[in-house]
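Worksheet: one structure, shown below.
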Amino acid sequence: MKTKILFSILVALPLVAGLTGCKSDDETTARPAKERLMVVGGNIVQFRANETGPTSEVNISADCRWTVNVDTGTFGDDLSVSPRQGNGNGSLTIVSNQNTDANVSRDATITITSDGGLRQVISVKQTAGDDAMNISTNRIKFTAEDTKTEPLEISSNVNWTVTRGPSSDWVHFVDKDGNQISGGNSGTTSLYISVDKSTTDIERTGYLVLSYSGKSINVEVVQDGMTNVSLSVPSDDVRWSYSPNEGIIRVVSNAEWKAYIPSAATWLHFVDSVGSTNDHAIAGVGNGEIHIRCDENNTNRDRITAVVIIAGTKNPQQATVVVEQVGNTSQQPLVTSVSLTNLSLMRESATFLLNIVSESVVGEFGLVYSTNNNMPTTNNSQVIHLGSGGLSQGVVGELTGLEQGTTYYVRAFVQNLTNNEMLYSDVITITTPVAETSVSELTSIYVGDVYADFHFSFVSDEEVSEYGLVYSTSNTAPTTSDKTVKVGNGGYTRSVLGSIKGLEGSTTYYVRAYVKTATGQYIYSPNMVTITTSSSTTEPGESDNPDPQLARRL
């Protein structure tokens, strides 16, 4: 019985083998997958130690739904991947912070899985060994009255130093114990930043420079400007005899201020704390005193000028003190006359200095102005009465309520009571600035052999980038492509004294003022001034007649 069974099995084996060997080609060929999931361009993403994302996009080619799982490995929270799911073709954005560890490289794994079970693996690597630094913020903002400190977190794998940037002496930095520091070691450090109270009405910007391994990171420190600039000058106008004299002008202010003497008034000087004279300008902060000194007047004519004090920039406050000095002889009667000087020009106002010369009592005096009559008089133009009576005197007058962007013709007048004749000064033409950014006309103050003085002003709704002068010997409309003298940076409204040095003697130059806006636009003065330098170094002498441009350098 067992034998029959065994024999049957042996007989059946070839049949089974034959049946097996007869399977069709369709049954033995692998069928293609129903899903497609691929990473295009390679499965490795490499960061340098000091590099941050996003990387170039990692592209996915797929015809199915897929999800992303991230093992951040040694990256920890410094790695982010998005999106975490998709359908069909797509891309991944991978972002990493700097690797601040100079000794340890970092690895992470990104796995992309389809609904049908297909997988793609991306390896993310970041090298070690680069010097690196991270900071918690690169910009800190303070108010004008701020006295608190703001922290700055610094993470670095090397030693570092900290210094102030240009014009940043109002910015201070200390450690957690309040001690001034100059740098730190590798690791994480907290730096505490404070600022002085602002003394200007414009926003100011300073910098801290963090330096490491030949590289640097700037931290911008910004402070709002004051909103309540005040200025007053309780001092009376000054009238001196012809002999040398000294005096004091008292200033009451809560802000920075500058004082100017017109360059034509070479007989009047500022005096500093050690008794030295300064013929240009001085500055101060808060309440203070301005010491002035005059030379002896060796002429038979009275002479007059003004000291102008300006506080603030965006909304400037101005005060003017008239300084007069009588002549020391009077060999013949003085002829009554009046001259006019423009002291300042704003959007809707302008300030002038009238110089009345007379040995007899005069009648009415004041200003006349017009927008269409270039020779205004009291009969055909608008009249501003400033007073009546007196002998030689200096008077400050102001035109208010002017239209922006408008040209005005202005003259001073005085009535000679001897014959009731109305006497007039030369005409001064002014053009008020307009909103946005505008530049006034440029005025030449002094021209020597290698040096020239100019004055202009500008008004801007936004703080400008820079301002200065452009000049050429051949281009009658010079631009910044020609020779340029940058006078200053920043400001909203300023009265500017600019100087060009290193000129050639006996040479004609064409000069314009310019302002560069925050957006990079250059705006030029509406006029071009032509000057010809002298052939010697002779300084300008004293003139019998007051210079009608004496205060244009303000």
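For the residue pair Thr161 / Ser182, no side-chain donor-acceptor distance below 3.5 Å is found, with atom types taken as modelled. Asp426 and Tyr424 are not linked by any side-chain donor-acceptor pair at a separation below 3.5 angstrom, with hydrogens and angles left out of the test. A side-chain donor from one of Glu364 and His385 sits under 3.5 Å from a side-chain acceptor of the other. Under the 3.5 Å distance criterion, with hydrogens and angles disregarded, a donor-acceptor pair is assigned to the side chains of Asn254 and Ser230. For Thr532 and Thr508, the side-chain atoms include at least one donor-acceptor pair closer than 3.5 Å. No hydrogens or angles considered: nothing links the side chains of Asn297 and Asn328 as a donor-acceptor pair under 3.5 Å. Between the side chains of Asp272 and His291, no donor N or O sits under 3.5 Å from an acceptor N or O.
Judged by distance alone, with hydrogens and angles left aside, the side-chain atoms of Ser444 form no donor-acceptor pair with the main-chain N or O of Phe454 at under 3.5 Å.
Taking the six-membered ring for Trp and the full ring otherwise, the centers of Phe458 and Tyr467 sit less than 6.0 Å from each other.
Aromatic ring pairs are classed by plane angle as parallel below 30°, tilted from 30° to 60° and perpendicular above 60°; the pair Tyr369 and Tyr408 is tilted.
The distance from the CD1 atom of Ile135 to the CG atom of Leu208 is 9.5 Å, given to the nearest 0.5 Å.
The side-chain hydrogen bond (donor to acceptor under 3.5 Å, both in side chains) check on Thr199 picks up Glu256, with sequence neighbours excluded. Evaluation of the side chain to side chain contact (heavy atoms under 4.5 Å, CB included) rule for Asn372 yields Ser370 as partners, not counting sequence neighbours.
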